[in-house]
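See below for the structure under consideration.
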Amino acid sequence: MIAEGQDFPVKLTSIHIDGATRTRPGFLQSATSNLLDSGNPNTQTFKGLLGEIHRTVNKLQAFDIFRPEIDLDVTATDAISRKIDGPVSLAAKIGVKERSRVTFTTGTEIGNLEGSGHIHGTFRNVLGGAETASFTASTGTRTKASYNALFTTPILASPNRLGFVEAFSRSRSNQHYASHDQQEQGVRAGLRFNFPDFRTTNELSYTLKNRSITSLASDASATVRAEASDSVLSALEYIYTVDTRDYPMLPSSGNLLRTTAQIAGWFTGVCHTKFEVDSQFSHTIRPHPQFPVTFTASARGGFLCPFPSHGITEPSHLADRFILGGPTNVRGFRDGGLGPRDGKDAIGGDFYTTLGASILFPIRKNDQGFPLRAMLWGNAGRLCAIDNGGWKAAAKELQNGLPSIAAGVGLVYGHPSARFELTFGVPVVARAGERLRKGFNLGVGIEFL
Amino acid sequence: MASIDAAADVLNGPVNTDRSSSSSTSGQRRSWWPALPTPIKNFVDKFPLITYAPNTPPLRAFQPRNVPTLFITSDLPLVDGISGDPNCAKYQIYFHFLSVPYSTHPATPAASPTLTLPIILPSSTSKTVPISHKHTPKPIVPTSTRLWTYITSLNRSTRHAVPLKDPQVAALLALCDTLLYPAWCILTFPDPTPFLPFLQDHLPLQKSSGAWLGNSQPVREAYSRNADEVLAGARGALDALQEFLLNSGGWEGWFFGGQEPGVADAAVWGFVEGLMRCKWGVMVVGERPELVKWWERVGREVLKRK
């Protein structure tokens, strides 16, 4: 058949899936319905059908309920003859092995400025429709304790359309920059739509959580003391992400755009709109095979704007305000080192902008395969608060002089799970009171400016 | 992990950095990181080249005040500016007794290092939110007689009040704290014990213990006792207070015969004030007319109540 060409007409008459004993037939039928859709132009020819089956197999794998090895067998259901009028009838047989329904793992993770250990339990295919229930307990250097229960379910039998509900309780130490711990308990529910072809993710969620500013240090500032309280956040949030970077930990090409929009204020006293944008552009400016030089530029920004509830506009809460500074965002400043302060505590700001530029090149020629680079970097950032002057005064303040700036050199190692940076830098421009980090600094994280 | 940290004083030098980092350059804190050669260190010390004025604090930032600030519970309404929590009201009225100006700030027990209110932030000479740690006021917490002593120290002219160290005063304060406060807790707040105590201990689904006075340790302790016994104890304490008052010259005098109101008067007034904001208190305190008259008189004379 192949010798005679792959464009001869076919018709898939049946699909048989072996081995899916715990998966609902209705779910599998939905997941493979594209193959039997007579109106689908991709299934009209043998070549198109093979491609469609391949995509369907990938889709089944993406549900994460089957083992990676999936057998595929396509056979003709009647005698094959080119003299027969009409399409050739075919039957597909897909052999799968279901993954273990329950998995428990322990491990360590590295996040932005944080290392943690966790115990994770996953219950796959809970209701036979690729639903997943997972439970995680973790503790780390900054997150003292975190408990999370998450339930996800595909929507319309697609791994790229997910609904999720989670309940969480976590306690995070902010003692190193603001003399308190922040506890959060709440629930979150939402929808996530992935568009792999466009490397785009859309997420719409609703969060209801209680935040506690607690366990104050004995020398906490008056502002932190005054804000030591509970507040309830009820917020609708939309996150849009496009990430075309080739290797996020050490990109040489591609872009990142992530926008987060939040509106809070249902049933609670915390009423605000919050918007953040995070962008990165990477380009190889010297595509030399032995000594490529890469340029990366980043820009981030955000604002937090309280709005009135019952005629009263509550100023922004410490738990909502932005915190800036540290090796993963504005290098040359300590964690939470930028922006308004009360004594030793960072008390956050209502809007910020950061800019970063770095040039990376291999340490030696012919070394580009090893993810270690030397780096020249420059970072700038500004974190301001809204005071009695309102937004006009705040905008004026943003234009008041240069932003806080730091520059330096460094070494970068891009491990697949985290990026490690050893930098040497100096702050060139700063505001009085901002906490500087001169000289060497070590940064570990997954997102850098 | 930095080998060099900023050394300049935030306020004293043109180059402003944080105080906490000065210790590394002075050699007090030893870093595992090798020190930089002196020429490089001298070069680095020249930065930042430009330093602007401090950032403007957000609206919710606590603005320094030129009078002491009493952090009082935000969970109860104020009447004539006086908190309904006896532990806060007694210090407020003591400020009034001494004619010491003060301000209040609504807060939760989480604001206090001991998770109990009130605390006092001393007055500040600064007019702006401090950017230096050394200008952060240290709170004065209500341990033993510390708050009384501090407030008294703000006005040294009170020489005719009964001294704080008088054993009778100490006994009266203990009477209020151990017998009246638990009763007030039971009368004011619902039982904070959750339906499933396990959840409270392991999954903090309720308000955190430091965030609400009604969930604080004194309230829990009060509810761990027999309510009838607690209320009976409070009746007995009120009887004793009225007895003390009668022996001190009645409703027109001050406790223990003082010529000026003192700590004992402030404590008793604070607890009566708290109890008079609940039905049980109005009824039970009302059965002791001498105490009620005295409480009303203090309100009229000190707070200008009608």
Would you say B/Lys138 has more than 12 foreign heavy atoms packed within less than 6.0 Å of its NZ? yes

Quiz item: If you measure only the distance, is there a donor-acceptor pair under 3.5 Å linking the side chains of A/Glu397 and B/Asn55?
Solution: no

Do [X] and [Y] come close enough that some side-chain heavy atom pair is under 4.5 Å?
X        : Y        : answer
B/Arg60  : A/Glu314 : yes
A/Arg321 : B/Pro58  : yes
A/Val429 : B/Pro48  : no
A/Arg431 : B/Thr51  : no

For [X] and [Y], which heavy atoms make the closest approach, and how far apart are they?
X        : Y        : value
A/Ala385 : B/Pro57  : CB-C, 3.8 Å
A/Ala222 : B/Phe62  : CB-CD2, 3.4 Å
B/Leu59  : A/Pro315 : CB-CB, 3.7 Å
A/Leu402 : B/Tyr52  : N-OH, 3.0 Å

Flag, side chain of A/Lys438 to backbone of B/Phe47, donor-acceptor distance under 3.5 Å: yes

Bottom line for A/Ala220: the part with an atom under 4.5 Å from chain B's heavy atoms is backbone

Distance col, row A/Arg225:CZ vs B/Thr108:OG1, nearest 0.5 angstrom, shows 11.0 Å

